[in-house]
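Structure record follows, encoded as C-alpha cells.
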Amino acid sequence: MQIILLTDVEKLGLRGDVVDVARGYARNYLLPRRMAEVATSARIAEIRRVDAERARHEARSAEQAEQIADVLRKTVLRFEVKSGPTGSLFGSVTASDVADELWRARKIRVDRRKIQLDPIKRIGRYTVPIEVFHEVHAEVKTLVVPEGGELPPEEELAALEAAESEAAAAAALEAEAERAEAETAIADAIEVEDAVEPAEFESALGEASQDDPEPAA
C-alpha cells in the first residue's frame, strides 16, 4: 500500500516521502496516528511539483554552494515547541523541520538527507551540520525554545537534563526492584506449592485406605 509520510518515521522515511508499507501497518498504526496519508495521484503530483519548485533554489555548483553556505552560517533558526517542566519536548524537531524552516525563512532548499541531525527531543541551543554541496558544509545555529517562553541559561538547562536523568535512573531502579520482588514472590509460591502437594497426596491416600471395606472372610 502506498502512503505519504506526514512526519519523519525512523527506518521508514522522511516527511513527504512516498513509501510502500503493509496495509495493516498503515491502517492500524500510521494512519490513525496521523503519521501518514493514503497516496493518491493528485497528492503525489502536488508533492513532485513543490519539490521541483524548491529544487530550483538548490546549489548546482561549488561556487553557488559557497554562497548558500555563507548565508546558512549567518542564519539562526528558532523553533517554539511544547515541552515539559524538565525541558523534554512533546514530540521532536527533525531534519525535515529544519529543511522546511530554511525554505520558509531563507528560501534555501536543502536536501533533508544531507542535514546531519538526530531528532532533537529537548529545549536548548544546537548547531546543525549541513552538507550543501560536495565538500561544502555549513553549520546552522538552532534554538529550540519552550512555547511562549525563552531559553534559560546553559547552567539551568544542564541542571534540568541532569534532574531528568536522575529521575529516569531512579524509576528504572524502582522498576527493577519491583520485578525482582515479583520474581521472588512467584518463586516462594512455587516452593510452597511443591512442599504442600506431597503431604496432601499422602493424606488423601490415608483417607482412601480408611474408606476401603474390609476384605470378606
Side-chain angles (χ1 to χ4, degrees), residues 1-60 72 77-124 126 128-134 140 142-147 161 164-165 167-169 171-172 174-176 178-179 182-183 186:
M1 177 179 182
Q2 274 200 332
I3 58 168
I4 300 169
L5 295 178
L6 300 178
T7 185
D8 294 0
V9 179
E10 189 175 358
K11 297 181 181 179
L12 186 57
L14 301 177
R15 183 169 63 208
D17 286 351
V18 180
V19 295
D20 288 303
V21 297
R23 189 174 299 274
Y25 180 44
R27 292 187 171 178
N28 298 328
Y29 185 78
L30 296 174
L31 298 179
R33 288 168 174 76
R34 301 183 183 277
M35 299 169 71
E37 62 179 328
V38 176
T40 64
S41 299
R43 282 291 290 127
I44 292 174
E46 174 65 13
I47 288 171
R48 288 175 178 168
R49 185 192 66 77
V50 171
D51 282 346
E53 170 65 21
R54 292 187 178 186
R56 292 193 297 173
H57 298 262
E58 193 172 358
R60 296 181 179 277
L72 293 177
L77 299 181
R78 179 185 173 95
F79 295 92
E80 287 204 11
V81 294
K82 292 182 179 180
S83 61
T86 59
S88 292
L89 306 189
F90 299 144
S92 61
V93 175
T94 68
S96 291
D97 295 322
V98 171
D100 288 347
E101 185 63 15
L102 284 174
W103 174 256
R104 187 197 68 79
R106 294 291 193 178
K107 286 297 181 285
I108 292 176
R109 202 269 188 178
V110 175
D111 187 338
R112 295 166 296 169
R113 289 171 178 78
K114 295 183 178 180
I115 298 175
Q116 300 164 29
L117 176 68
D118 291 328
I120 296 172
K121 298 182 179 180
R122 296 188 58 81
I123 61 172
Y126 297 89
V128 180
I130 298 175
E131 182 184 351
V132 183
F133 200 70
H134 181 60
V140 178
T142 302
L143 306 179
V144 181
V145 181
E147 195 173 52
E161 186 170 3
E164 185 175 58
S165 297
E174 184 177 354
E176 177 62 22
E178 290 178 354
R179 184 187 65 80
E183 288 180 352
I186 292 171

Any side-chain to backbone donor/acceptor pair from Asp17 onto Gly13? Under 3.5 Å, distance only.
no

> Run the side chain to side chain contact (heavy atoms under 4.5 Å, CB included) check on Glu131 and Asp111 step by step: do they pass?
Replying inline: CA-CA 9 Å; Glu131 182 184 351; Asp111 187 338; over 6 Å; no

Check your understanding: Within a strict 4.5 Å, meaning less than it, do heavy atoms of the Val145 and Val81 side chains meet?
Key -> no

* Asked: Between Asn28 and Arg23, is any pair of side-chain heavy atoms under 4.5 Å apart?
  -> no

Hey, what do you get for [atom1] ([X]) to [atom2] ([Y]), rounding to the nearest 0.5 Å?
{"X": "Asp118", "Y": "Gln116", "atom1": "CG", "atom2": "CD", "value": "10.0 Å"}
{"X": "Ile3", "Y": "Leu5", "atom1": "CD1", "atom2": "CG", "value": "5.0 Å"}
{"X": "Leu89", "Y": "Ile120", "atom1": "CG", "atom2": "CD1", "value": "8.0 Å"}
{"X": "Thr94", "Y": "Phe79", "atom1": "OG1", "atom2": "CZ", "value": "8.0 Å"}
{"X": "Ser88", "Y": "Lys82", "atom1": "OG", "atom2": "NZ", "value": "16.0 Å"}
{"X": "Tyr25", "Y": "Leu12", "atom1": "OH", "atom2": "CG", "value": "5.5 Å"}

Counting heavy atoms not belonging to Asp20, are there more than 12 under 6.0 Å from its CG?
yes

Residue pairs meeting side chain to side chain donor-acceptor pair (under 3.5 Å), one or both in residues 29-39, sequence neighbours left out, come to Glu37-Arg43

Sorted by chain and residue number, the side chain to side chain donor-acceptor pair (under 3.5 Å) partners of Glu161 (sequence neighbours excluded) come out as none

The complete set of salt bridge (charged side-chain N to carboxylate O under 4.0 Å, His left out) pairs with one or both residues in residues 5-14, sequence neighbours excluded, reads none

So salt bridge (charged side-chain N to carboxylate O under 4.0 Å, His left out) across residues 90-106, not counting sequence neighbours, yields Arg15-Asp97, Arg15-Asp100, Arg54-Asp100, Glu101-Arg104

Testing the basics here: between [X] and [Y], what is the closest heavy-atom pair and its distance to 0.1 Å?
{"X": "Lys121", "Y": "Ser92", "result": "CG-CB, 4.1 Å"}
{"X": "Val110", "Y": "Ile115", "result": "CG1-CG1, 3.8 Å"}
{"X": "Leu14", "Y": "Ser96", "result": "CB-OG, 3.7 Å"}

Start with the C-alpha distance between Ile108 and Leu72, add both sets of side-chain angles, then the distance that settles side chain to side chain contact (heavy atoms under 4.5 Å, CB included), and finish with yes or no. CA-CA 9 Å; Ile108 292 176; Leu72 293 177; 4.0 Å; yes

Across all chains, not counting sequence neighbours, the salt bridge (charged side-chain N to carboxylate O under 4.0 Å, His left out) partners of Glu147 are none

Contacts of Arg122 meeting salt bridge (charged side-chain N to carboxylate O under 4.0 Å, His left out) (sequence neighbours excluded), chain-then-number -> Glu164

Item to complete: May I ask you to say whether Arg48 pairs ionically with Glu46, meaning some side-chain N is under 4.0 Å from a carboxylate O?
Response: no

TODO: Might you work through the side chain to side chain contact (heavy atoms under 4.5 Å, CB included) test for Leu102 and Ile130, ending with a clear yes or no?
DONE: CA-CA 11 Å; Leu102 284 174; Ile130 298 175; 3.8 Å; yes

Practice problem: Take Val144 and Tyr126 through the test side chain to side chain contact (heavy atoms under 4.5 Å, CB included) and record every step on the way to the result. | Solution: CA-CA 8 Å; Val144 181; Tyr126 297 89; 4.0 Å; yes

